[in-house]
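One is the number of the first residue; the rest follow in order along the sequence. Because the structure is predicted, anything quoted here is derived from the model rather than measured.
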Amino acid sequence: MKEFGTLYPHFLHGADYNPDQWLSYPEVLEQDPRMMAQAHCNCMSVGIFSWAVLEPEEGVYRFEELDRTIKRLSARGIKTILATPSGARPRWLAERYPEVLRVNKAGLRQHYSDRHNHCFTSPIYREKTVAIDRQLALRYGKDPNVILWHISNEYSGECHCQLCQEAFRQWLKKKYDNDLDKLNHAWWSAFWSHTVTDWAQIHPPMQTGEPDHIMTGLYLDWRSFVTHQTVDFMKMEIDTIREVCPNVPVTTNMMWTPQQIDYHDFKDYIDVVSWDAYPSWHEKDQIRCAVDAAFNHNYFRCLKHKPFLLMESTPSNTNWHAVNKLKRPGMHRLASLQAVAHGSDSVQYFQWRKGRGGSEKFHGAVIDHNGKASGRVFEDVRQMGISLEKLDQVCGTSTHAKVAIVYDLKNHWALSNASGFINEDKQYVKTCLQHYKSFWKRGVDVDVISVGEPLEGYDLVIMPMLYSLPQEQIERIEQYVAQGGTVVATYTTGYVNETDLCYLGGFPGQKLKDVFGLTADEIDSLYPEEQNTVLWGEESYTVVDYCELVTPTTAQVLGTYGADFYKGMPALLKNNYKTGEAYYIACRDTGALTDRLYAQLLQERKIKTYALPEGATITSRAQYLFVQNYNDHPITVPLPATYRDLETGALYKGAIALEALGVAVLCPEA
């Protein structure tokens with residue numbers, strides 16, 4: 001693996017650049033690099049959707065325009081992030097080889113359209129992708145201006161063609177040791193007489209066949225297979241590039257959806273993580289948006305526990321949002337430095353210049369349809385470039401969190417697909433964000449990790465709604481607490497294993513009953529208009545959605561339900577297990593109860609916190625503090641020592657005043 005920062009040890013500032021859309025406008029192609037330099041941009045992502053230009057007909061490659069683009073950029077000191085173009089295949093490829101087009105869940109072959117409408121299993125598509133990737137690597141692999149390979153674009157989607165179905169069967173054979181009895185047990189297929197007696201009987205969940213929620217083991221395996229097949233395709237592209245130019249790092253840009261593919265399976269094949277962030281700023285609840293964005297940045301940072309790249313963001317509006325809101329003055333800087341605060345070594349945009357046509361012609365860009373290097377948005381981008389140059393010493397530094405929240409995509413798939421609880425929306429992500437907010441508002445750095453990652457090194461681990469837990473992870477949790485760690489879990493913890501089979505002997509499964517000192521007997525789902533309360537000491541807290549009924553064995557009861565037939569029964573519990581502690585929240589509160597609990601735990605564990613005004617946070621990156629104000633009004637933020645502003649050189653002792661949507665990057669004064 002190549003460390004990107006050793007090749008280019010500075011913040012990247014740039015955009016997706018699509019000169020192939022402007023080939024009949026030579027004046028535009030000449031103007032762009034000059035304006036990029038004016039905007040203090042030092043890199044451009046090129047070639048992402050250029051296959052039709054690079055290979056206008058099968059086997060005929062035309063790289064002259066790409067040559068000229070890279071040369072024009074380098075003349076202005078601008079580096080190139082070069083993409084492989086597999087994210088959008090040319091028309092001739094789809095027309096000549098229809099098998100490359102996907103088959104949808106209804107079993108219908110899709111026509112040429114959109115992007116990512118290709119089958120990852122198709123030998124033809126793989127052959128043609130390898131061919132153009134190799135040509136690109138041979139031509140540009142040793143070009144010193146190419147500093148990073150951008151593998152495809154936002155891998156996504158699935159195909160249900162016969163090739164994919166057969167590949168799925170072969171994947172299942174390998175997973176279940178070619179043993180149908182193992183598969184049938186894992187899927188609990190005796191339910192409704194669904195027993196599989198021949199591998200050929202297996203088909204993925206489809207609109208015309210098995211629904212997602214009937215055989216949940218099948219559904220979960222299909223989701224894992226889709227991830228596997230996507231990763232296998234990506235690895236094929238990476239191997240092709242590395243065979244020719246092994247010394248240039250690779251990435252692929254990811255999305256937060258939540259995903260239908262598991263990015264944790266990507267991390268071992270790429271050199272640096274990158275992702276595309278499009279928060280819906282200026283909603284009624286601006287703080288919710290800020291918390292959501294921070295959580296996402298932490299998730300992608302923790303894929304490799306190293307700095308990542310913000311590959312796409314918008315300098316203005318996002319045209320595919322339900323409401324196309326402009327960024328208010330200050331928000332571009334605040335949102336960009338939020339990403340940097342959480343570990344990004346870049347601020348990059350989609351896109352450099354608005355296209356004249358197509359679905360993204362009104363998406364925010366650095367250069368608008370007027371074609372001028374001026375105006376509010378351009379100035380925001382220019383100032384961001386200047387700021388990143390002044391913050392260069394922060395680039396490459398790391399975050400060291402003492403708190404972790406477990407968010408797991410496979411758990412999300414299983415929980416969302418479970419027929420039970422509140423079927424319309426289990427609110428797993430929303431629940432994780434609610435727990436995360438308690439730390440965000442106190443300036444506490446948090447790692448967002450997946451099931452299976454090491455827990456050692458954290459003082460506190462939060463596990464909201466971990467419904468699906470493999471036996472191995474249960475063992476890790478038990479060992480972590482036994483050795484002195486502190487965990488907080490909630491209702492629905494450890495109900496099923498990784499194939500959605502319920503644990504026998506009561507919930508939570510296996511050793512977790514001992515760790516938490518209780519058994520979960522029943523769970524009551526509340527109607528939207530219903531509420532309950534939890535009484536903890538002299539305080540009462542509102543409860544919605546879920547009230548789990550638990551029986552303590554060794555756990556101490558801290559709080560009890562205030563109403564219904566289970567009034568007085570335990571709702572919040574603490575258990576001392578060997579040398580550690582395990583807390584269990586049996587209900588979904590509206591935030592106040594969990595906030596009190598986390599304030600107490602942070603104090604007891606001597607984890608550093610900040611006393612912050614509402615809507616403000618502090619994010620640490622190495623010794624640097626990013627002080628942020630997400631309010632539409634000025635605030636004053638207390639500081640525990642004397643700090644120097646890295647951009648202005650100003651000294652702040654005891655406090656710093658921030659304007660509306662203001663942000664400052666501080667370093668402790670020696």
Side-chain angles (χ1 to χ4, degrees), residues 16 18 20-21 45-55 83-130 132-133 136 149-161 163-165 167-168 204 206 222-238 240 250-263 265-266 269-270 274-278 311-312 318-320 350-351 355 358-360 363 409:
D16 279 20
N18 301 295
D20 45 289
Q21 297 178 23
S45 297
V46 177
I48 296 170
F49 301 122
S50 299
W51 197 338
V53 171
L54 299 175
E55 190 180 3
T84 64
S86 63
R89 80 254 64 55
R91 286 186 183 272
W92 63 256
L93 179 53
E95 291 173 357
R96 187 166 299 174
Y97 304 104
E99 74 160 51
V100 307
L101 297 173
R102 287 179 180 165
V103 172
N104 63 22
K105 289 190 73 171
L108 300 175
R109 179 80 64 179
Q110 296 178 250
H111 293 286
Y112 180 91
S113 67
D114 202 0
R115 56 188 171 120
H116 295 295
N117 180 15
H118 46 262
C119 171
F120 288 132
T121 307
S122 163
I124 290 292
Y125 198 70
R126 287 176 172 242
E127 174 190 327
K128 298 304 178 186
T129 298
V130 165
I132 193 166
D133 288 359
L136 286 166
W149 284 96
H150 183 309
I151 304 299
S152 198
N153 179 73
E154 297 180 337
Y155 283 115
S156 60
E158 60 191 71
C159 177
H160 293 76
C161 74
L163 291 170
C164 288
Q165 293 200 36
F168 179 43
M206 297 180 70
W222 172 250
R223 291 262 56 88
S224 293
F225 165 75
V226 170
T227 294
H228 169 270
Q229 209 69 347
T230 305
V231 171
D232 188 66
F233 188 93
M234 179 190 71
K235 185 175 180 296
M236 175 198 74
E237 292 206 68
I238 291 172
T240 301
V250 301
T251 190
T252 189
N253 54 329
M254 306 175 188
M255 302 175 288
W256 181 266
T257 45
Q259 317 91 338
Q260 289 298 300
I261 50 177
D262 192 345
Y263 289 139
D265 294 351
F266 283 51
Y269 302 103
I270 56 177
S274 61
W275 85 286
D276 303 341
Y278 294 99
M311 186 61 75
E312 290 184 22
T318 304
N319 81 308
W320 45 265
F350 183 85
Q351 53 189 327
S359 65
E360 292 178 316
H363 193 289
L409 185 62

Interatomic spacing from [atom1] in [X] to [atom2] in [Y] - rounded to 0.5 Å:
X      : Y      : atom1 : atom2 : value
Ile151 : Met236 : CD1   : CE    : 10.0 Å
Asp276 : Met254 : CG    : CE    : 10.0 Å
Ser45  : Asn18  : OG    : CG    : 9.5 Å
Leu163 : Ile124 : CG    : CD1   : 10.5 Å
Asn117 : Gln110 : CG    : CD    : 4.5 Å

Considering all heavy atoms, the nearest [X]-[Y] contact:
X      : Y      : result
Ser113 : Arg89  : O-NH2, 3.5 Å
His150 : Asn153 : CE1-OD1, 4.0 Å
Ser50  : Asp20  : OG-OD1, 3.1 Å
Tyr269 : Met234 : CB-CE, 3.9 Å
Trp51  : Ser86  : CZ3-CA, 3.9 Å
Arg102 : Ser156 : NH2-O, 2.9 Å

Determine, step by step, whether Ile132 and Leu54 satisfy the side-chain contact (heavy atoms from CB on, under 4.5 Å) criterion, reporting the C-alpha distance in whole Å, the side-chain angles of both residues, the deciding distance to 0.1 Å, and the verdict.
CA-CA 8 Å; Ile132 193 166; Leu54 299 175; 4.1 Å; yes

Under the 3.5 angstrom rule, does the side chain of [X] hit a backbone N or O of [Y] as a donor-acceptor pair?
X      : Y      : answer
Asn319 : Ser359 : yes
Arg109 : Leu101 : yes
Ser274 : Thr252 : yes
Thr84  : Ser152 : yes

side-chain contact (heavy atoms from CB on, under 4.5 Å) for Glu55 and Trp92? Distances and angles first, verdict last.
CA-CA 10 Å; Glu55 190 180 3; Trp92 63 256; 3.5 Å; yes

Heavy-atom check, side chain of His228 versus side chain of Phe168, under 4.5 Å:
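No; the side chains remain at least 4.5 Å from each other.
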
Parallel, tilted or perpendicular: which describes the rings of [X] and [Y], with under 30° parallel and over 60° perpendicular?
X      : Y      : answer
Phe233 : Tyr155 : perpendicular
Phe350 : His363 : perpendicular
His118 : Tyr125 : parallel

Take Phe49 and Asp16, measure what side-chain contact (heavy atoms from CB on, under 4.5 Å) needs, and give me the verdict at the end.
CA-CA 10 Å; Phe49 301 122; Asp16 279 20; 5.5 Å; no

Contacts of Asp232 that satisfy side chain to side chain donor-acceptor pair (under 3.5 Å) - sequence neighbours left out:
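Testing Asp232 for side chain to side chain donor-acceptor pair (under 3.5 Å), a comparison that skips the adjacent residues, returns Arg126.
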
Just wondering, are more than 12 heavy atoms of other shown residues or ligands nearer than 6.0 Å to NZ in Lys235?
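Check fails, neighbour count at 12 or below.
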
Pair Arg223 + Glu158, salt bridge at N-O below 4.0 Å:
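Looking at Arg223 and Glu158, the cut-off is met.
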
Would you call Arg115 and Glu154 a salt bridge, taking side-chain N to carboxylate O under 4.0 Å as the test?
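A salt bridge links Arg115 with Glu154.
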
Test side chain to side chain donor-acceptor pair (under 3.5 Å) applied to Thr227 and Asp265, step by step
CA-CA 7 Å; Thr227 294; Asp265 294 351; 5.0 Å; no

Looking just at side-chain N and O atoms, do Glu237 and Thr129 make a donor-acceptor pair shorter than 3.5 Å?
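There is no such pair (donor and acceptor under 3.5 Å, judged by atom type) between the side chains of Glu237 and Thr129.
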
Chi angles and distances behind the side-chain contact (heavy atoms from CB on, under 4.5 Å) call for Phe266, Thr230:
CA-CA 9 Å; Phe266 283 51; Thr230 305; 3.9 Å; yes

Quick check on the 6.0 Å ring-centre criterion: do Trp320 and Tyr278 meet it?
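Trp320 vs Tyr278: aromatic centres under 6.0 Å.
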
State which residue, out of Glu99, Lys128, Glu127, fulfils the side chain to side chain donor-acceptor pair (under 3.5 Å) condition with Ser122.
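So the option named by the test is Glu99.
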
